[in-house]
Every structure is written in C-alpha cells, then in structure tokens.
Amino acid sequence: MARLDRFSLLVPLLGFLVLVVLVKMGSASSQMYPNATEWPVTNDEGLYMAYQDGGKWVNWWARDRPGVFSFFTKVAAITDMSNIPESTEALNEALPVREPYWIREPDRFGRPGIRATWLGHASVLAEVDGVSILADPIFSERASLFQWAGPKRYRPPACTVSELPESLDAVVISHSHYDHLDYNSCMDLQRRYGDRLHWFVPSGIGGFLRDSIGVSAAQVHDMVWWEEETLPGTNVTVAFTPNNHWSRRGLMDENDDLWGSWSVLGPQNKFWFGGDTGYCDGFVQIGRKYGPFDLSAIPIGAYYPRWFMKWVHVDPSEAIMVHKDLMSKKSLGIHWGTFKLTKEYYLEPREAIQELAREDPLVGADAFQTVNIGETLEA
Ligand SMILES: *[C@@H]1O[C@H](CO)[C@@H](O)[C@H](O)[C@H]1NC(C)=O
Ligand SMILES: *[C@@H]1O[C@H](CO)[C@@H](O)[C@H](O)[C@H]1NC(C)=O
Ligand SMILES: [Zn+2]
Ligand SMILES: [Zn+2]
C-alpha cells in the first residue's frame, strides 16, 4: 500500500482496473468454447474429467452461459432485494455469531465422529474421524484483491486463525475466487502452522501457495478431479471431485486454475465440501463413487438473478438436488449470510432451504439445515 501512495498517478488507473476485476468477479466472460461438441471428456469409469483447451480449463456445463455483454445490459435493471440491515443490533438478532468449539486433544483419533462448524461464508472447519480440515478459509474484512475495495463482510467470522484448533491437519480450497482463496487468511495459517499443515488445492493453485504464501512444496497437494491422496499420518483419504464453476483472480487468468469440490473419506465417516457451484450431473457421479456422505457442506446463497447466476451458483432448490445426488445423510447450508455478492433477500437462502427440506418427504427438516455462524452440525 505504501508504494501505491508514492505513485499517486497510478492510483486512478489501478482503481479502474480493480473496478473491472470486481465487476467481473461476480460475472463471467463471454469466452466461447468452439469444440464443445467433443465434450464432455470422461475416463474409463465414465466419470467427467477436467479438460484443458488452449491452457484454460473448460467448464462444459457452462457452455451456454450468457456473455458479459448481456450481464452488463441486464444486471443494472435488477432490483436489489437484499435488504441487509444497517444496524448491528438487527444483524446480531437475525444472524448471531457464536463462539465455536472443537473436539480437543488428547485422544482425537480415538473419537470417531463427524462434525462441521460454520465459520461464515463458505468457511467450514470439518472434524472427520479425528482429523481437522479447514475449507475455503476467509477471515478478512473484504473478499477482494485489496482490503480497501470489494465486497465487505456484514457478519464477522466465528473466530480468528489464532483461535482455530491447535491440531488442524489440512486446508482444502475449492477455487481461486477471492471469497474462497484469501491471501491474508492463507498467510496467517502459514505463519501459525507452517509445515504442520497440508494444503489440498485445485490444479494451478499450488503455485500460488508456494510462491505467494511460502508453503513448502511437500505440503502442497495440487490435484485434478478424481485424484485421491491420503492425508499423511492418518487413514483419511482426500479426493478432489467435480463441481460446476470457474476461476479468476486477475484480468487475464480466467480458468487458468481448476475448480471443484472435496470428498473427505475417513475410515468411519465421509464429508463433502461443495465450495461454490452451479448445478450439474457430476454430483450423481460423486454420490455413486463415494456416497453416501455422512455430512455435506453445500452452498445455498448468491443465486439471484437466476438467468445469469444459475450457471455458477445453485439456488436452494438445486442445493436440495445436490444433497440427494450425493446421498448425503445430513447437509449444512453455506455460502450465505456473510458477504453481499448478489441481490436476493439476505435471509432468503436460510428460509428457503428450511421450507424446501421440511416439505420434501425424501429430505426432511433435520437432513438439510443451516446453523448460526460459529455453530456446529453433527452427524
Ligand atoms: C479445437 O479442435 C481443433 C481440432 O481438433 C484443435 O486444432 C483446436 O486447438 C481445438 N481448440 C480450439 C480452441 O479451437
Ligand atoms: C490407521 O489404520 C491402521 C490399520 O487399521 C491402524 O493400525 C492405525 O492406528 C490407524 N492410524 C490412525 C492414525 O488412526
Ligand atoms: Zn466462485
Ligand atoms: Zn463464492
């Protein structure tokens, strides 16, 4: 920041570039995939494979997504229904933040079980058969390249990095968007845990961790879909699985890094982390290969307007479909109630998921829940 101040002429230019990045963050480009008829690419098992064309990962499910031009022309006309209260009192009432607790040493491997604690947005601390895994950690004030611009959180995180469990074993990252891969949070994690922590990331993000965060190469597991690795020193397998999304952190790097979901397969329990995703039939494949899952963290927010967002974000009714596809016994709604990214009413994701789960005889109110930030869902 100090350097920027000295080159004050650069500030307006940089500001403009940042604006373009921020506006494009929630959207998507009109990138065309001329070879779409050759896809999807599947492996011997018939599973969808991540596929690169011209150095860019391709999202086959988003091939008919409207381009950025229609985004600009239409999005301005959309009514903002978010209605996020100004007052902290009202927010404390609607979205209280609780102090989280973890299963503590000693004897954590002697205590099989599965629990997921929501830390806010898509950040989840999952405890699976004695192993602690942190998913998409963001503790920063803004989900952005800079901490002076970009989506600002309206609810604080449940805790800080220094309050996370001493025994944290691994971090999984779903993709490179700023609300899921946060520079400051990664730096804090690296400072606190160093080489005690294993990082499981989509192909391409390993370079960011090594070069920008200083994670040693041995701790980085840079993976493509359906790759499996054992978390060293445990009997827990971490598998990278598909989802329907995209990636970008700068102006020119769209889809340079892969995106996806994580399946955490313990000796007794299975956990799934959806990250950020639109609906796709990849979830049926995950359910067949690794399901049923004991506990799943499924995104339920940031979905309005549907004509545009459906390509990258599920709405609550599609989240229910994901829950069924995975054969999830219990699911936790994430990716809502923290940053304003889209224009649906800010409590709608929670209200809709409660109603949809309750009214669906194949789901039930107990099987798909939301919790307050800092609270835990156990299975
Ligand atoms: C499409 O397919 C053709 C022929 O197989 C190939 O030469 C080309 O590199 C592919 N990719 C694009 C973006 O056209
Ligand atoms: C992993 O499994 C083996 C064989 O069942 C067992 O001996 C070992 O204690 C397990 N390790 C952990 C960390 O649970
Ligand atoms: Zn995203
Ligand atoms: Zn997101």
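Just so you know, ligand 1 is whichever comes first in the structure, and atom 1 is the first atom listed for that ligand. What you see below is based on every heavy atom in this structure, not just the backbone, and it leaves out hydrogens, waters and symmetry mates.
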Aromatic ring centroids of [X] and [Y] under 6.0 Å?
X: W60; Y: Y51; value: no
X: H313; Y: Y303; value: no
X: W246; Y: H177; value: yes
X: W61; Y: Y48; value: yes

Next on the checklist: Can you see whether Y178 has R248 sitting over its ring - NZ or CZ less than 6.0 Å from the centre and within 45° of the normal?
Outcome noted: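 Negative - R248 is either too far from the ring of Y178 or too far off its axis.
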
Checklist entry - Can R153 be said to sit on top of F139's aromatic six-ring, NZ or CZ under 6.0 Å from centre and within 45° of the ring axis? => result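 Because its charged atom misses either the 6.0 Å distance or the 45° angle limit, R153 does not stack over F139.
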
Next on the checklist: Could you work out, for atom 14 (O) of ligand 2, the closest of D129, N235, V236, T230 by heavy-atom distance?
Outcome noted: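 Ranked by closest heavy atom to atom 14 (O) of ligand 2, first place is N235.
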
Next on the checklist: Can you confirm whether M223 sits close enough to E229 that some side-chain heavy atom of one is under 4.5 Å from a side-chain heavy atom of the other?
Outcome noted: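 In contact.
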
Next on the checklist: Listing by chain and number, which protein N, O or S atoms are under 2.8 Å from the Zn ion (ligand 3)?
Outcome noted: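 The answer, once waters are left aside, is H175 NE2, H177 ND1, H245 NE2, D276 OD2.
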
Checklist entry - With a cut-off of 2.8 Å, does H335 place any N/O/S atom under that distance from the Zn ion (ligand 4)? => result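 So H335 counts as coordinating the Zn ion (ligand 4), yes.
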
Next on the checklist: Any nitrogen or oxygen of T234, side chain or backbone, less than 3.5 Å from one on ligand 2?
Outcome noted: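 No - when backbone and side-chain N and O of T234 are compared with those of ligand 2, no distance drops under 3.5 Å.
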
Checklist entry - For ligand 2, which atoms sit closer than 4.0 Å to a heavy atom of G233? => result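 Near G233, the atoms of ligand 2 are 13 (C).
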
Item to check | Contact summary for D129 and Q268, nearest pair of heavy atoms | outcome: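 It is OD2-N, 2.8 Å.
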
